[in-house]
Novice: 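Below you will find the structure I want to go over with you.
Computation of the quantities below employed the complete heavy-atom set of this structure, encompassing side-chain atoms and omitting hydrogens, waters and symmetry-equivalent molecules. Since the model is a prediction, treat every value here as computed from it, not as a measurement.
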Amino acid sequence: MLSYKPLRSILAKRNIGKKELMYKADISLTTVDKLLKDESVTLPVLERVCNFLDCKIGDIVEFVSEEELVKN
């Protein structure tokens with residue numbers, strides 16, 4: 001399963017809220033909510049987020065195994 005926990009961490013460190021991410025990455029509020037809930041989004045969305053944050057996809061996404069999910 002993909003997790004956007006690293007994205008949430010970056011947003012918190014940079015003090016970026018949902019609306020700023022939405023406007024500056026040119027994505028919908030629904031898509032922002034999906035990211036914050038670890039739901040599926042398209043690669044073009046992730047590309048826009050990375051362009052806005054000036055980072056690589058590996059900086060905002062991590063793979064979490066089912067075993068790790070159960071532990072948390």
Novice: What's the separation between atom CG in L29 and atom CE in M22, rounded to the nearest 0.5 Å?
Specialist: 5.5 Å
Novice: Kindly write out the residues that satisfy side chain to side chain donor-acceptor pair (under 3.5 Å) with K24, not counting sequence neighbours, or none if the list is empty.
Specialist: E20
Novice: Show every side-chain hydrogen bond (donor to acceptor under 3.5 Å, both in side chains) that has at least one partner inside residues 32-45, sequence neighbours left out.
Specialist: R8-D38, K18-D33
Novice: Which side-chain N or O atoms in residues 44-64 pair as donor and acceptor under 3.5 Å with protein atoms at least two apart or in another chain?
Specialist:
| unit_1 | atom_1 | unit_2 | atom_2 | d |
| --- | --- | --- | --- | --- |
| R48 | NE | D26 | O | 3.2 |
| N51 | ND2 | E47 | O | 3.3 |
| D59 | OD2 | K56 | N | 2.9 |

